Each structure stands twice: as C-alpha cells, then as structure tokens.
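Working notes for the structure below.
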Amino acid sequence: MRNINSPQTEQALLQRANAIAGLTFAELAEELGIIVPPDLKRDKGWVGQLIETALGAKAGSKPEQDFAHLGIELKTIPINSNGYPLETTFVSLAPLVQNSGVDWQHSHVKHKLSKVLWIPVQGERQIPLAERYIGSPILWQPNSRQEQQLRRDWEELMDYIVLGKVAQINGTLGDVLQLRPKGANSRAITKGIGKNGEMIDTLPLGFYLRKEFTAEILQNFLLGK
DNA sequence: CACTGATCATGT
DNA sequence: ACATGATCAGTG
C-alpha cells in the first residue's frame, strides 16, 4: 500500500478530497493497492478506512480527530439515490460514569462535531461495493441553531445518565442526537450509575446523529448555504 | 420499510 | 474494555 502523507492545510485536504470525488471504490482501491471485499457484512468500516487512507488520515484507534492539527474530523456518510443518508452517524461513546460536572462546552460530542469533513458515498446494497461512487466533500461546522439542537439533546440525554436512569434510555430519545448501544454485542459491559446512585454493569452506549440532521447538512451544501 | 437494537473488524 | 471505522437485520 502506498504511503500518503497527512495534508498540512485545510486547503490541501479539501483538494485531495475533491480529487477522489467521482471515483468508484474499485478505482480508488486499486490506486491504493487495497482489496475490495465482496460486501460490508464483515468489513463494516472498510469504506471509512479507504477514504482515510486516500486522504492521509492516520489509521488506528486513537481518541482524537482524524486531522487533529487541522481540527477536523472525517466522516463518510452512505446516501441513497436521492442524496439522503442511509444510516445514522456515530459520534462518540457516552460517558456513563465520572461525568458529573461535564458540560456541553467540554463534551466529546461538541469537540468531535466542531468541524467535520463529510464524504458522501453511494450506499445502496443493490450497487456492488466496487461500483459505488465517492461524492464531493462537504466541510461543515454547526451553525448556531444546529449547535443549540445538539446541546439540548446532549443535556437531556446526559441527565438520564447522571441521574441513574440508563435503564430507561432508548433510541427514541433526542430530536437530532440519540443514544444507542455501541459495543461488540449485546453482552458487552461497562460501568454505569444505577437508580440508587450505585455503580452498575450496563451496556455501553454511543451518541449517534439522526439521519434527518445529517440530511440537512448535505442539503444545505447543495443549496450553497 | 424505517427504526432501534445488535453486530463486525481491528488496534491499544 | 474502549477507541477507531461503521452497517446489519429483526420487527413494529
């Protein structure tokens, strides 16, 4: 696999992202010497890692933005033929303990979403993985209304966590941000706060952006907003 | 058929 | 277990 250096400026990153727009996964994978799997069933993160490699993001599991020196997080987003998101977007794990005093301004969610480079990709399963196209990049920062929506949901959801109501949490809570399981499987365990304030074993949860929210980001870009 | 809950791969 | 990258798939 060819090594690609990390872009040193936002402009250079955007230039690279624009350069791969219009390629199929097969075309980009060949350039990079990467094998395209038959489907994503056992390679759910493959598209994200393909784009990371192409744009020079460091691979790995480090808990920081993809382009920390640029303050930019990279996200691929699968869309249908109408340009509408096919999936929610994972943001970060929810802190289920040691979270008293954490406010929105210092939250992982706010930090991760402060600046995101979205790469729309074709995601419909009827299209063979190799033949799916990469779309044009969208560099996004939340506007004041979007940040207010995120903050309101984050604060509501964190209240459940801090007040020992994790057992009452489900994916229906939150207008634009939701909490859903995030782990190897339903047997995954982490520490949380119980209804009497005690430490309990519970399912790890992650913050996800609802499709309606990311759809607005993509739509605003098309409208030149 | 959209959505929530479940799941997969990999590195630390 | 937790962080990265996400999509799968049963069901209301």
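Letters A, B, ... are given to chains in the order of the sequence lines, protein chains preceding strands, and every chain is numbered from 1. Predicted, not measured: the structure shown is a model, and the values here were computed from it.
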Nearest whole angstrom, please: distance from the [atom2] of [N] to the [atom1] of [X].
| X | N | atom1 | atom2 | value |
| --- | --- | --- | --- | --- |
| A:N99 | C:dC2 | CG | P | 13 Å |
| A:I119 | C:dA6 | CD1 | C1' | 15 Å |
| A:L205 | C:dC2 | CG | P | 11 Å |
| A:N80 | B:dC3 | CG | P | 12 Å |
| A:L86 | B:dA2 | CG | P | 10 Å |
| A:E87 | B:dT7 | CD | P | 16 Å |
| A:I72 | C:dT4 | CD1 | C1' | 18 Å |
| A:W46 | C:dC8 | CH2 | C1' | 18 Å |

Taking salt bridge (Lys or Arg N to Asp or Glu O under 4.0 Å) as the cut-off, I'd like each qualifying pair that reaches into residues 199-209 of chain A, sequence neighbours left out, listed once.
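The answer is A:K191-A:D201.
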Between [X] and [N], is there a side-chain N or O to OP1/OP2 distance below 4.0 Å?
| X | N | result |
| --- | --- | --- |
| A:R187 | B:dA6 | no |
| A:Q49 | C:dT4 | no |
| A:S186 | B:dT7 | yes |
| A:T76 | C:dA6 | yes |

Residues in contact with DNA chain B, drawn from [range] - heavy-atom cutoff 4.0 Å:
| range | value |
| --- | --- |
| residues 207-219 of chain A | A:R210, A:K211, A:E212 |
| residues 37-44 of chain A | A:K41, A:R42, A:K44 |
| residues 188-197 of chain A | none |

Does atom CD of A:Q105 have more than 12 heavy-atom neighbours from other groups under 6.0 Å away?
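More than 12 within 6.0 Å, yes.
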Within the 4.0 Å heavy-atom criterion, would you say A:E73 contacts the bases, only the backbone, or no part of the nucleic acid?
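Sugar-phosphate, backbone atoms only, no base.
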Enter the inter-axis angle for the ends of the helix from B:dC1-C:dG12 to B:dT12-C:dA1 (five pairs per end, rounded to 10°).
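Inter-axis angle at the ends, rounded: 30°.
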Spell out yes or no: do the side chain of A:K182 and the base of C:dG5 have one donor N/O and one acceptor N/O closer than 3.5 Å?
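Answer is yes: a donor-acceptor pair is held.
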Identify which nucleotide among C:dT4, C:dC8, B:dT7 has an atom closest to any side-chain atom of A:D66, counting heavy atoms from C-beta outward.
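Selected nucleotide: C:dT4.
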Using the side-chain heavy atoms of A:N185, tell me which of these nucleotides is nearest: B:dT7, C:dG5, B:dT4.
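Of all the options, the side chain of A:N185 is nearest to B:dT7.
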Can you name the side-chain hydrogen bond (donor to acceptor under 3.5 Å, both in side chains) partners of A:W46, sequence neighbours left out?
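None.
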Name the residue closer to the 5' end of DNA chain B, choosing between A:G45 and A:T88 according to the nucleotide with the nearest heavy atom.
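It is A:T88 whose nearest nucleotide is closer to the 5' end.
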